[in-house]
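These numbers come from a predicted model, not from an experiment.
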Amino acid sequence: MQDPFVIDKATYKIMKYIYRHHEVTLGKIREKFGDEGLVIATYLCPEKFAVYRTENKQFTYDITHTSADGTILLTIAGNKYVEDRMSSFTQWMIPIAISLFALAISAISLVLSFNNEIFVHLIK
């Protein structure tokens, strides 16, 4: 039985890079993420999250013969994963940011209420 494919932080970072650039050469991935990033990017192909385009402009999931001039692009499943993860981040971070802002305002109000001196100026 094959182990399930897990998308960790490094894999997601590479997927997001490919997503933003639509199609990236393997040489560019190696330049940006090193040899480990290149292995991760090519491993996306057999898992059907990405597809490899050969120099002959043919699409394949087979990564046994790759070159630095070949390109990689995300499939529908890869694009959906990146978009869902971005959406999930937004859905959680906006309420958290609002809550932290409200907490800060409440803390400031509490601290200022301890210094509640009343000055009365009588005018004759």
Side-chain angles (χ1 to χ4, degrees):
M1 186 169 153
Q2 185 179 4
D3 292 335
F5 182 67
V6 177
I7 299 176
D8 60 357
K9 191 175 183 179
T11 306
Y12 175 65
K13 191 175 181 181
I14 293 167
M15 289 176 74
K16 195 165 64 167
Y17 181 78
I18 297 169
Y19 178 82
R20 286 187 180 142
H21 293 88
H22 303 292
E23 189 170 356
V24 183
T25 64
L26 293 182
K28 185 72 172 177
I29 290 174
R30 173 181 265 156
E31 179 183 307
K32 180 133 179 87
F33 299 103
D35 289 334
E36 185 178 332
L38 183 62
V39 170
I40 291 170
T42 54
Y43 191 63
L44 291 169
C45 292
E47 298 297 328
K48 308 281 193 278
F49 282 101
V51 65
Y52 175 71
R53 185 189 295 202
T54 65
E55 300 84 26
N56 302 341
K57 306 295 183 204
Q58 293 179 333
F59 293 103
T60 182
Y61 293 115
D62 181 24
I63 54 165
T64 54
H65 298 33
T66 60
S67 74
D69 295 330
T71 59
I72 192 167
L73 56 145
L74 295 180
T75 60
I76 293 172
N79 284 328
K80 182 174 178 355
Y81 181 84
V82 172
E83 290 167 359
D84 287 348
R85 190 141 168 199
M86 282 188 216
S87 175
S88 170
F89 177 78
T90 305
Q91 287 175 350
W92 283 100
M93 290 313 292
I94 290 175
I96 288 172
I98 291 170
S99 299
L100 290 175
F101 181 71
L103 178 65
I105 296 296
S106 298
I108 291 169
S109 297
L110 180 64
V111 169
L112 292 177
S113 71
F114 292 139
N115 243 353
N116 199 6
E117 296 180 15
I118 300 175
F119 294 102
V120 177
H121 296 289
L122 297 174
I123 303 175
K124 285 188 176 187

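Cluster membership check: Leu26 does not share its hydrophobic cluster with Val39, using side-chain heavy-atom separations under 4.5 Å among Ile, Leu, Val, Met, Phe, Trp and Tyr. A chain of hydrophobic side-chain contacts below 4.5 Å, direct or via other Ile, Leu, Val, Met, Phe, Trp or Tyr residues, connects Phe49 to Met86.
Looking at heavy atoms from C-beta onward, Tyr81 lies in side-chain contact with Tyr12 at the 4.5 angstrom threshold. Looking only at side-chain heavy atoms (C-beta outward), Tyr52 and Thr66 come within less than 4.5 Å of each other. Looking at heavy atoms from C-beta onward, Ile14 lies in side-chain contact with Ile18 at the 4.5 angstrom threshold. Counting only heavy atoms from C-beta outward, the side chains of Ile72 and Glu23 never approach each other to under 4.5 Å.
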Query - side-chain hydrogen bond (donor to acceptor under 3.5 Å, both in side chains) between Thr11 and Asp8, worked out - result: CA-CA 5 Å; Thr11 306; Asp8 60 357; 2.5 Å; yes

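Surrounding CD1 of Ile76 are at most 12 heavy atoms belonging to other residues, nucleotides or ligands under 6.0 Å away.
Between Lys80 and Glu83, none of the side-chain N atoms (NZ, or NE/NH1/NH2) sits under 4.0 Å from a carboxylate O, so this pair counts as no salt bridge.
Although no hydrogens or angles enter the test, the distance criterion places no donor-acceptor pair under 3.5 Å between the side chain of Thr25 and the main chain of Gly70. Looking at Ser88, its side chain never comes within 3.5 Å of a backbone N or O of Asp84 through a donor-acceptor pair.
Of the candidates Val51, Asn79, Val24, Asn79 is the only one forming a side-chain contact (heavy atoms from CB on, under 4.5 Å) with Leu74.
Once rounded to the nearest 0.5 Å, the distance linking CG of Leu44 with CD1 of Ile63 reads 9.0 Å. Rounding to the nearest 0.5 Å places CG of Leu103 at 10.0 Å from CD1 of Ile108. One distance of note links CG of Leu73 with OH of Tyr19; it measures 13.5 Å at 0.5 Å rounding. Summarising the geometry, atom NE2 belonging to His21 is positioned 10.5 Å from atom CD1 belonging to Ile29; distances are rounded to the nearest 0.5 Å.
With hydrogens and angles left out, the side-chain atoms of Thr54 and Asn56 include no donor and acceptor closer than 3.5 Å.
Of all the heavy atoms in Ala77 and Lys48, the pair that sits closest is CB-O, 3.9 Å.
Other residues sharing the hydrophobic cluster of Ile105, ordered by chain and number and joined by side-chain separations under 4.5 Å: Phe101.
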